[in-house]
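Note sheet for the following structure.
What you see is a predicted model, and the numbers here were worked out from it, not measured in a lab.
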Amino acid sequence: MSGTIRIDPRDFIMGPYLRCPKCGAEKLGVLNVSGTKCNRRCRACLHNETAYLPEIRKKIVYIDQFAFSNIMKLLSPDVKGHERTASEPFWKELFETLSVVHHLQLVVCPDSREHEHESLTSPFYKSLKRTYEHFSGGVSFYDADAIRRLQVARLTQRWLNKEDVGFDFDPEEIADGKLHEWSGRIFITVDGVLPGMAEELRRVRRTGQQGMQKVFARWQREKKSFKEVFEIEKSAYCQNLISMYQAECERRVQMLALALLGQLPSLNDFLPSPTRYMVMNLQQIFERAVGKEHSAATMSEFLRSGAINEAPFNIIDAAMYASLAMKAAAGQKEVPNQGTFTDVNLVSTLLPYCDAMFMDNGCRALWQDIPKEHKLPFPCAVFSPNTGGDFIRHLKEIRDSASSEHLRLVAEVYGPDPLKPQKSIYGVGRKPAAEP
C-alpha cells in the first residue's frame, strides 16, 4: 500500500462555475471565500481572479445543545430517539429554516464550550460536534470564565478611572473567529479530548446538582421575595470569590507539603482554577495601573467597594436564581435538574451579546418570570420549544429581509436555489448509532 497522497489543485475548486475570461471554458469555480473576497480559479487553465463582496452584519443566534441534539436525531434514522424527534414537525421546520438563514449569510450560530462538554458525555459525540459546527462555521464563543474575566477587567478599569460603568456588548470581543464575514467553503476542525474528561464533567455536574438541591430546599423554607434573593445573590459574588481563592491557596500549600513527601497530586490539582485566574487577572490590572507597591491596597479597596458585583454576568445570574427562588417559595416541588446550573451559567455570560437565544423551556421560564419591575435591559429575544412557532417566524423574518441583490450574490458564491432548505448535514446520519 502506498503512503503517498496525491492532491490536485483542482480538488479545491468548487461550483458554481462561471465562464473563464481567459480560456472560455465554463469552469471558473470558487477556490475559497474569506472576509469580503471570493477567490475563483479555472479548473481548465488555472486562471485566478478575485471578486469583492459587500460587508455584511449577521444576527447572532445561540442555539442550545438540546436543539442540535434533536436535529442530529432527525437526520440519523439509526439513532435512538429518531422516531420521536421525526414525529414532531417543529424540529424539521427548525432545521430547514435555520439552514436557509445560515446559508444566506444572515445568521451565525457560534458554538460554545458547553456544546463541546455536553457532546462529550453523549455516545454520539462526533455527530453532535458535526451538527453544531455546521451552523457555527468554526466560530466559537469564549468560555464562560473568560467572558467573566473580560467583563470584570472592563469594570475594574472604569472604577480606576472613576468612570460610569458601561458595556457595549460587542460579540466580536468574545468570539474566536469572525462573525460578520462571508463564510468559507471549507473549515478545519480537530478533536482534543483528554482521557477521563467525560467522567470529570459528569462528576462536576453531579456535585453542582447536589449543591443546587440544598439551596433549593433553603429557598423553599425561607420563602424570600425576588428582591431579597436577588440582593443576596448579587452581593455574594465578591465574598465567594475571596473565600474560594483563600481556600485554594490553603489547598495548594497542603499539596506542596504532600509533594515533598512523595505524594504527587493529580494534574487537575496543579492547574489554576477559574477563581485563581480571575484573581491573578485582577492583580495584573492593579499592578499596571498603580504599581506593584500600591496594587494590593488598591485592589483591596476595589473589592470592599462591591463594584465587582455590578458585572453584567453577576446581575443576570442573580436575577435568574432569584426567579428560581420565587418558584421554590411558591411551592414548586421538583428540584432543578443537572442542566439548570449549566444553563444559568451560559445565559448569564452570553445573553447580552446575542440577538436571539433558543433554550429549553425551564431556562426560558427563569428569564421570562423575572418580575416586570426587575426586568433587565438586554434586547436579546429569548425562545424555547413552548414558543417554537415564534422562533420560526423570527427566523423567517430574517430570511425575508434579504434583498434580491444579496440573493444573487449568495447564488453566485455558494450555488443556485439559495432559498431551498437543506435536507442533510455532511457527516451526520451516515453511520450506525453507536460511535466510538
| task | Under the side-chain contact (heavy atoms from CB on, under 4.5 Å) rule, what do R276 and C249 come out as? Steps first, then yes or no, please. | result | CA-CA 9 Å; R276 188 170 181 82; C249 289; 4.1 Å; yes

| query | For H115, which of F141, F68, F66, F135 qualifies under ring pair (Phe, Tyr, Trp, His ring centres under 6.0 Å)? | reply |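 For H115, the ring pair (Phe, Tyr, Trp, His ring centres under 6.0 Å) check succeeds only for F68.
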
Side chains of [Y] and [X]: any donor to acceptor distance under 3.5 Å?
X    : Y    : result
S140 : D111 : yes
S243 : Q239 : yes
S235 : N309 : no
Q422 : H134 : yes
D369 : S323 : no

| task | Take E96 and K92 through the test salt bridge (charged side-chain N to carboxylate O under 4.0 Å, His left out) and record every step on the way to the result. | result | CA-CA 6 Å; E96 292 183 349; K92 181 175 184 290; 2.8 Å; yes

| task | Run the numbers on E373 and K227 for salt bridge (charged side-chain N to carboxylate O under 4.0 Å, His left out), then give the verdict. | result | CA-CA 10 Å; E373 62 272 22; K227 184 176 181 180; over 6 Å; no

| Matching residue for W159 among I308, T298, V165 - test: side-chain contact (heavy atoms from CB on, under 4.5 Å) |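 Of the listed residues I308, T298, V165, the side-chain contact (heavy atoms from CB on, under 4.5 Å) partner of W159 is T298.
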
| query | Can you tell which of I60, V101, D355, V61 makes a side-chain contact (heavy atoms from CB on, under 4.5 Å) with V108? | reply |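 In the set I60, V101, D355, V61, the residue that makes a side-chain contact (heavy atoms from CB on, under 4.5 Å) with V108 is I60.
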
Tell me, yes or no, whether the heavy-atom count around [X] atom [atom1], taken from other residues, nucleotides or ligands under 6.0 Å, exceeds 12.
X    : atom1 : answer
F341 : CZ    : no
K327 : NZ    : yes
E55  : CD    : no
E163 : CD    : yes
K375 : NZ    : yes
K223 : NZ    : yes

Point-to-point distance, once rounded to the nearest 0.5 Å, from [atom1] of [X] to [atom2] of [Y]:
X    : Y    : atom1 : atom2 : result
F230 : S225 : CZ    : OG    : 11.5 Å
S348 : L376 : OG    : CG    : 11.0 Å
Q151 : I174 : CD    : CD1   : 8.0 Å
T275 : I242 : OG1   : CD1   : 11.5 Å
M359 : L346 : CE    : CG    : 8.0 Å
L74  : S87  : CG    : OG    : 10.0 Å

| Please walk me through it: do T36 and I56 pass side-chain contact (heavy atoms from CB on, under 4.5 Å)? | CA-CA 9 Å; T36 56; I56 53 176; over 6 Å; no

4.5 Å side-chain heavy-atom contact, [X] and [Y]:
X    : Y    : result
L395 : L94  : yes
Y132 : C109 : no
C38  : V30  : yes
F358 : P385 : yes

| F313-F167 aromatic ring centre distance below 6.0 Å |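 No, ring centres 6.0 Å or more apart.
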
Shortest non-hydrogen contact between [X] and [Y], atoms and distance:
X    : Y    : answer
A307 : L155 : O-CD2, 3.3 Å
K333 : F216 : O-CE2, 4.4 Å
E181 : Q105 : O-OE1, 4.0 Å
L303 : C238 : O-SG, 3.4 Å
E412 : P16  : O-CG, 3.0 Å
Q220 : Q332 : NE2-O, 2.8 Å

| Stepwise ring-ring contact (aromatic ring centres under 6.0 Å, His included) test for F169 and F378 | CA-CA 10 Å; F169 299 113; F378 302 112; 5.6 Å; yes

| Any Lys/Arg nitrogen of R113 or E116 sitting under 4.0 Å from an Asp/Glu carboxylate oxygen of the other? | yes

| message | Applying salt bridge (charged side-chain N to carboxylate O under 4.0 Å, His left out) to R154 and E173, what does each step give before you reach the verdict? | response | CA-CA 12 Å; R154 181 71 53 82; E173 288 187 349; 3.3 Å; yes

| query | Checking salt bridge (charged side-chain N to carboxylate O under 4.0 Å, His left out) for the pair E88/R84: CA distance, chi angles, key distance, verdict? | reply | CA-CA 7 Å; E88 300 175 12; R84 177 192 60 78; 3.3 Å; yes

| query | Given Q246 and R251, is the side-chain contact (heavy atoms from CB on, under 4.5 Å) satisfied, shown in steps? | reply | CA-CA 9 Å; Q246 290 173 336; R251 188 167 62 253; over 6 Å; no

